[in-house]
Structures are given as structure tokens and as C-alpha cells.
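To keep things clear, I will list the structure first and then write my remarks on it.
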Amino acid sequence: MAEWPLPPSSTIGILGGGQLGRMLAAAASRLGLKVHIFCPEANAPAFDVAARATIASYSDLSAISEFAEAVDVVTFEFENIPAAALQHIENIRRVLPSARSLAVSQDRLSEKKLFDHLSLPVAPFAEVASIETLELAVANIGRPAILKTRRLGYDGKGQVKIDDATDLAHAFAAIGSATAVLDTFVPFTSEISILTVRSADGEIRAYDPVENAHENQMLAESRVPARIPVSIAESTPEIARKIVTELDHVGMLAVEMFYCMDDTENPLLINEIAPRVHNSGHWTLDACLVSQFENHIRAVAGWPLGSVRRHCDCVMVNLTGEDANRWPQLAADDSIALHLYGKEEPRQRRKMGHFTRLSRKT
Ligand code: AMP
């Protein structure tokens with residue numbers, strides 16, 4: 001059994017080698033901790049900054065065993081980890097956040113049931129398992145609505161909007177006739193996320209709420225402070241506290257919500273959670289003493305949490321595809337902090353980097 005909390009020089013195993021793994025690895029190194037990345041893709045962005053890397057499939061249980069044996073704790077940078085791989089690791093090493101956080105966030109229906117169970121505000125939804133249940137759900141919820149697969153959907157993938165003219169059989173076919181959730185379409189004013197961290201001892205800290213703008217259902221920009229009334233901003237940590245406490249979650253967790261300015265009863269409606277560091281928290285690298293990445297590492301290593309205090313206002317802008325070719329101009333701009341993920345091919349919609357524009361705290 002590894003010493004606990006993990007002392008400097010210990011190794012944190014991370015499942016997934018994308019930009020989130022890369023930024024987690026950089027944060028770990030600041031604390032004198034090492035990371036070992038497990039990822040199926042060669043040339044994954046996190047490999048550049050990791051002490052060790054394993055390139056293997058998540059279904060390769062002997063590679064999974066070797067990885068688990070070689071590290072002191074295991075965490076992850078994405079939530080669609082196959083359950084068999086996770087169970088296998090859990091027999092060998094502590095996994096944080098827990099399998100429960102992961103299982104709930106892998107399934108949109110379980111997430112929504114959790115919000116209901118905690119009496120947290122969520123727009124009316126219905127379970128869909130067939131074309132018949134879809135017809136019934138649309139009759140109950142009304143149009144417009146959004147049909148989303150229960151599993152494996154992200155950045156707008158696995159979802160289709162149901163308008164007045166939408167043929168339901170086509171819509172169901174468009175999501176691969178998978179089991180799904182029908183969501184009320186929310187005419188929101190803006191989208192908000194809360195980034196919370198819970199330590200292994202149960203201490204909880206929340207960053208200031210973030211206002212997010214999406215383009216083509218992908219995060220384009222995050223702004224802090226969010227342009228929402230103070231009373232609403234102040235209500236957000238309690239929402240996150242209920243969720244992380246119920247899940248006995250350890251590490252970062254993001255709650256994505258819709259802000260509806262004209263809804264006096266429920267101005268915030270929860271959309272979904274992510275049991276990990278999140279794109280809408282990248283600004284914390286430059287505008288806070290301790291970033292979401294470092295706080296996740298601290299939590300899963302059993303360390304005390306770091307300060308979540310924000311020292312300036314900021315706007316974080318994602319660089320996708322060819323956007324990253326602007327790096328020479330961005331690098332010459334004194335008012336921004338530039339982050340590039342070391343990805344070679346600037347494919348469309350591929351997250352290549354981000355920058356944070358900082359300004360005096362208001
Ligand atoms: P999701 O995969 O649930 O995060 O959805 C991606 C994006 O689609 C969200 O960030 C919203 O911009 C939009 N969206 C998702 N669900 C709804 C909804 N129920 N009402 C309105 N817009 C939504």
C-alpha cells in the first residue's frame with residue numbers, strides 16, 4: 001500500500017493522454033510528483049510531459065495491470081473509461097475519483113436522477129428506449145426538445161434537436177436508435193459552470209462560477225466573473241457541494257448549468273456533470289493561485305487543497321483547428337497567456353490550445 005498522502009516523487013497514473021492529461025502532468029511536476037500516462041494513441045499530447053507512458057488499449061488487461069502496479073494512485077482525464085478496465089485497476093490500486101462518480105457521469109439518465117434525488121433544479125426530462133417511448137416523451141415534454149444518447153455523447157455528439165417539423169423516426173435513427181434521454185429545450189440566457197474540488201478528507205472548495213459561450217455545441221469562450229446576479233453566483237457552491245458529497249467524490253468536478261434570466265423560480269437548471277478537470281476551468285491556470293489541475297492532483301494525492309481565489313478577471317478562448325496557426329501573433333500579445341497542446345494536425349474542431357486574456361479584478 002502506498003504511503004498516504006503520497007509524498008513528492010510518488011507517481012500518479014492517469015488514464016487518457018489528451019490536453020487535460022498534459023496539464024495535469026505539468027501541475028503534478030510543479031509539486032514534485034510524477035505521472036504515468038496510459039493512452040491508446042501514440043503521440044498523445046500528455047506524453048511530452050510525462051515521466052512514463054504506456055500505449056495500449058483499455059481492453060488490454062495485462063497492460064492495465066502492469067500500469068496499475070507501476071503507480072501509486074490512478075485518476076482519469078475523461079469519463080468514458082470502460083468499466084472492465086476500471087474494475088481491474090481497482091483490484092490493484094486506489095482509483096480517485098471513485099467508480100460511482102464515473103458511473104453516474106457516464107449515463108445522462110443516472111445524472112438527471114441524481115439531480116432529482118438531491119432536489120436540485122433540472123428541466124423536465126424523459127427516458128427513451130424505443131420509438132414508442134420517444135413519441136410518448138415528446139407528447140409529455142413538448143417541442144422543441146433535445147434527444148441525447150444516454151452514453152458516450154459529448155460536445156454535441158449523440159444528440160439531435162426535435163423541432164416542430166422533426167420526424168421522430170428520423171431523429172431516433174440519427175442517434176443510432178440508442179437508449180436516450182429527451183431533454184426540454186431550455187431557452188437559456190447563458191451557460192454557467194461551477195468547478196469544485198473535494199479532498200480525500202472531505203474538504204470542498206469552489207472556484208468562481210464561469211460563463212461559457214459555445215459554438216457548434218463546443219466550448220468557445222469562458223468568462224469570469226460570469227454576468228449573473230451576485231445572489232445567483234453565491235448559490236452555486238451549494239449546488240456543487242451537494243453533488244460531490246453525495247458521490248463521495250475526490251478530485252475536481254464540473255457542473256454545467258443553464259442560466260435563465262426570466263425564470264424567477266429556477267434561474268439555474270443543471271445540464272450535466274463531468275467528474276474531472278474541465279475545459280471551462282482552464283482560466284484557473286492564469287487567474288488563480290492554484291489551478292484546477294493542481295487541485296485535482298492535490299486531492300487524488302491526499303494533499304490539502306490549494307487556494308481557489310481568483311486574482312484577476314479573465315476570458316479564456318479555445319483555439320481549435322487552424323486557429324492555432326495564429327500562434328506568432330498570440331505569442332506577441334502581452335495581455336494574454338498562451339497555451340498550446342503540442343498537437344501536430346490542426347483538424348477542424350480539434351482543440352489545439354487556448355489563451356487567457358487577463359484584466360484587473362472588478
Ligand atoms: P451537452 O452535450 O449536454 O453539454 O450539450 C452541448 C451543448 O448543447 C450545451 O452546452 C448547450 O449549448 C446545448 N444544449 C444541450 N442541452 C440543451 C438543452 N436542453 N436546451 C438548450 N440547449 C442545450
Side-chain angles (χ1 to χ4, degrees), residues 18 20 78-80 102 104-116 120-128 134 137-138 140-164 166 168 171 174-176 178-195 209-224 226-228 236 239-240 243 252-263 266-282 316-318 320 349-351 354:
L20 300 179
F78 74 115
E79 54 268 45
N80 291 320
L102 196 69
V104 168
S105 63
Q106 281 179 341
D107 178 2
R108 286 189 191 271
L109 187 65
S110 307
E111 276 184 355
K112 301 221 185 247
K113 286 185 172 168
L114 174 82
F115 308 146
D116 264 354
L120 291 173
V122 55
F125 63 92
E127 186 174 351
V128 170
L134 175 59
V138 172
N140 284 331
I141 281 181
R143 301 179 188 227
I146 301 195
L147 182 64
K148 302 178 177 180
T149 54
R150 280 177 63 172
R151 294 177 176 277
L152 299 173
Y154 67 96
D155 287 345
K157 290 187 184 119
Q159 52 181 271
V160 52
K161 189 167 176 206
I162 296 188
D163 287 314
D164 285 346
T166 308
L168 296 186
I175 60 153
T179 53
V181 171
L182 187 73
D183 254 4
T184 308
F185 182 82
V186 180
F188 56 78
T189 313
S190 59
E191 294 185 70
I192 302 293
S193 59
I194 330 167
L195 305 155
V210 189
E211 176 180 334
N212 299 310
H214 289 76
E215 274 167 26
N216 303 319
Q217 290 168 304
M218 255 179 97
L219 182 68
E221 223 179 81
S222 293
R223 164 189 294 269
V224 199
R227 290 167 294 187
I228 53 176
T236 57
I239 294 174
I243 295 172
M252 286 294 307
L253 181 138
V255 187
E256 294 182 49
M257 294 178 296
F258 302 122
Y259 167 55
C260 308
M261 193 174 70
D262 298 326
D263 189 334
N266 282 317
L268 290 177
L269 293 169
I270 304 180
N271 178 28
E272 61 178 352
I273 54 172
R276 54 169 168 80
V277 289
H278 195 256
N279 193 170
S280 69
H282 289 2
M316 186 286 307
V317 179
N318 266 346
T320 55
R349 282 176 70 86
R350 191 174 197 207
K351 291 176 183 168
H354 72 268

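Below, each value reflects all heavy atoms present in this structure, side chains not excepted, and no hydrogens, waters or symmetry copies. Whatever order the structure lists ligands and atoms in, that order sets their numbers, starting from 1. Since the structure is predicted, the reported quantities are computational estimates derived from the model, not experimental observations.
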**OP:** Give, for atom OG1 of Thr179 and atom CD of Glu127, the distance between the pair rounded to the nearest 0.5 Å.
**Re:** 8.0 Å
**OP:** Could you list the atoms of ligand 1 found under 4.0 angstrom from a heavy atom of Glu191?
**Re:** 9 (C), 10 (O), 11 (C), 12 (O)
**OP:** Say whether Phe258, considering both its backbone and side-chain N or O atoms, lies within less than 3.5 Å of an N or O atom on ligand 1.
**Re:** no
Original post:
How does Val186 reach ligand 1, if at all, at less than 4.0 Å between non-hydrogen atoms: by side chain, backbone, both, or neither?
Top reply: both
Subject >> Pairwise distance CD1(Ile273) to CZ(Phe115) - rounded to 0.5 angstrom >> reply: 5.0 Å
Subject >> From the candidates Glu256, Glu111, Lys148, the one that places a heavy atom nearest atom 15 (C) of ligand 1 >> reply: Lys148
Subject >> Distance-minimising heavy-atom pair for Leu114 and Ile243 >> reply: CD2-CG2, 4.2 Å
What donor-acceptor contacts under 3.5 angstrom involve side-chain atoms of residues 254-263, with partners at least two apart or in another chain?
unit_1	atom_1	unit_2	atom_2	d
Glu256	OE2	His278	NE2	3.1
Asp263	OD1	Glu265	N	3.1
Asp263	OD1	Asn266	N	2.9

Original post:
Which ligand 1 atoms are under 4.0 Å away from a heavy-atom of His214?
Top reply: 10 (O)
Subject >> Arg108 contact mode with ligand 1 (heavy-atom cut-off under 4.0 Å) >> reply: side chain
**OP:** For ligand 1, indicate whether the residue Thr184 contacts it via side chain, backbone, both or neither (heavy-atom separation under 4.0 Å).
**Re:** backbone
**OP:** Hey, could you give me the CE/CG distance between Met316 and Asn212, rounded to the nearest 0.5 Å?
**Re:** 7.5 Å
Subject >> Side-chain heavy atoms of Lys161 within contact of Thr166, under 4.5 Å >> reply: no
**OP:** Would you mind running through ligand 1 and noting each atom that sits below 4.0 Å from a heavy atom of Asn271?
**Re:** 1 (P), 3 (O), 4 (O)
